[in-house]
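Counting from 1, the numbers follow the sequence of the chain as shown. Just so we're clear, the structure is a prediction, and the values are computed from it rather than from any experiment.
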Amino acid sequence: ASGRKDVGRAMKRLHILLPKDRTKPGWFHLYGHDGEHLQGGQVLGKADNERAVKEGNPNRSPILPYGDSPAGRFKLTRVRDVPPEKHGKIGVRWLPLEGAAGDALTAVELRTGLGLHAGREDDKRTQRGELVPTNGCLRILPRAASMLWPNIGNDAVLVTVEELDA
């Protein structure tokens, strides 16, 4: 479906609030076309320390590859299926993100594969309900993802990631 189909009608919005200290989880909130709150839950925007160091980003700068998730506004996007060989890493679906404003836009030139996903259901930390760092994406728990993907459906969603001072 083209983006034009969505012009002039209210969009679903996914608002993500991340703390400046990315070792702590933040929150996501999905709002419907009419502004009704459809779902909320925890989200982690922290990159894996080892991988970030290995890839030359030891401070996990959000605008550099393998850094923490950048704040900003993202272009309209839709949920995508994940190839079966990658299910263990990010789950069966993901929401790809392409920056449009803020650090998210700056990161477009330097980063690839940024998105929102679950994954690692076999990880003991995930099984305990902990959010596991990624290679720079936003992570939600598998049970939250299993509700979020149907709530978004085939609709385009406008994603905003906001960094909180506290």
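For residues 24-33, the salt bridge (Lys or Arg N to Asp or Glu O under 4.0 Å) pairs, not counting sequence neighbours, are Asp21-Lys24.
By the criterion of side-chain heavy atoms lying less than 4.5 angstrom apart, applied directly or through intervening Ile, Leu, Val, Met, Phe, Trp or Tyr residues, Val157 is grouped together with Leu114 in one hydrophobic cluster. Note on Leu138 and Trp149: same hydrophobic cluster, where clusters join Ile, Leu, Val, Met, Phe, Trp and Tyr whose side-chain heavy atoms are under 4.5 Å apart, directly or indirectly. No chain of hydrophobic side-chain contacts below 4.5 Å, direct or via other Ile, Leu, Val, Met, Phe, Trp or Tyr residues, connects Trp94 to Leu141. Leu148 and Val161 fall within a single hydrophobic cluster, where Ile, Leu, Val, Met, Phe, Trp and Tyr are joined by side-chain heavy atoms under 4.5 Å apart, directly or via other members. Under a hydrophobic-cluster definition in which Ile, Leu, Val, Met, Phe, Trp and Tyr are linked whenever side-chain heavy atoms come within less than 4.5 Å, directly or via other members, Ile140 and Ile16 are assigned to the same cluster.
For Arg111 (side chain) and Pro62 (main-chain N/O), a donor-acceptor pair under 3.5 Å exists by modelled atom type. Between the side chain of Arg22 and the backbone N or O of Pro19 there is at least one donor-acceptor pair closer than 3.5 Å. Side chain of Ser69 to backbone of Cys137: a donor-acceptor contact under 3.5 angstrom is found. Not one N or O on the side chain of Asn59 forms a donor-acceptor pair closer than 3.5 Å with the backbone of Ser61.
Between Leu116 and Val43, some side-chain heavy-atom pair lies under the 4.5 Å cut-off. Between Leu164 and Lys20 the shortest side-chain heavy-atom distance does not fall below 4.5 Å. Between Val82 and Arg80, the closest side-chain pair of non-hydrogen atoms is not below 4.5 Å. Taking 4.5 Å as the limit, some side-chain heavy atom of Leu110 sits within range of a side-chain heavy atom of Pro65. Considering only heavy atoms from C-beta on, Thr77 comes within 4.5 Å of Val159 through its side chain. When side chains are defined from C-beta on, Glu98 does not count as touching Phe74, because their heavy atoms never get closer than 4.5 Å.
His37 and Tyr31 have perpendicular rings, their planes meeting at more than 60° on a 0 to 90° scale where under 30° would count as parallel.
Heavy-atom minimum distance, Ala104 versus Gly72: CB-CA, 4.0 Å. Across all non-hydrogen atoms, the minimal contact from Ala156 to Leu76 is CB-CB, 4.3 Å. Summarising the geometry of Ala145 relative to Ala118, their closest heavy-atom pair is CB-CB, 3.7 Å, with the distance given to 0.1 Å. Listed here is the closest heavy atom pair of Val132 and Arg139: O-NE, 2.8 Å. Across all non-hydrogen atoms, the minimal contact from Met147 to Pro150 is O-CD, 3.3 Å.
In this structure, Glu55 pairs ionically with Arg51, as a charged nitrogen and a carboxylate oxygen lie closer than 4.0 Å. A salt bridge is absent between Asp68 and Lys46: the closest approach of a Lys/Arg side-chain nitrogen to an acidic carboxylate oxygen does not fall below 4.0 angstrom.
Here Leu105 contributes atom CG and Ile63 contributes atom CD1; the two are 11.0 Å apart, rounded to the nearest 0.5 Å. Summarising the geometry, atom CG belonging to Asn49 is positioned 14.5 Å from atom NZ belonging to Lys54; distances are rounded to the nearest 0.5 Å. Taken from NE2 in His29 to OG1 in Thr160, the straight-line distance is 12.5 Å, to the nearest 0.5 Å. Residue Thr134 holds its OG1 atom at 8.0 Å from CG of Asp48, rounded to the nearest 0.5 Å. Interatomic distance, CG of Leu44 versus CG of Leu18, reported as 8.0 Å (0.5 Å rounding). Distance check, rounded to the nearest 0.5 Å: CZ of Phe28 to CG of Leu95 gives 11.0 Å.
For Glu162, the salt bridge (charged side-chain N to carboxylate O under 4.0 Å, His left out) test picks out no residue, with sequence neighbours left out. Every residue was checked against the salt bridge (charged side-chain N to carboxylate O under 4.0 Å, His left out) condition with Arg73, not counting sequence neighbours, and none meets it.
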**OP:** Apply salt bridge (Lys or Arg N to Asp or Glu O under 4.0 Å) to the pair Asp155 and Lys12, showing each step before the final yes or no.
**Re:** CA-CA 7 Å; Asp155 294 329; Lys12 285 186 178 174; 3.0 Å; yes
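A donor atom on one side chain and an acceptor atom on the other are not found under 3.5 Å apart for Asn154 and Arg78.
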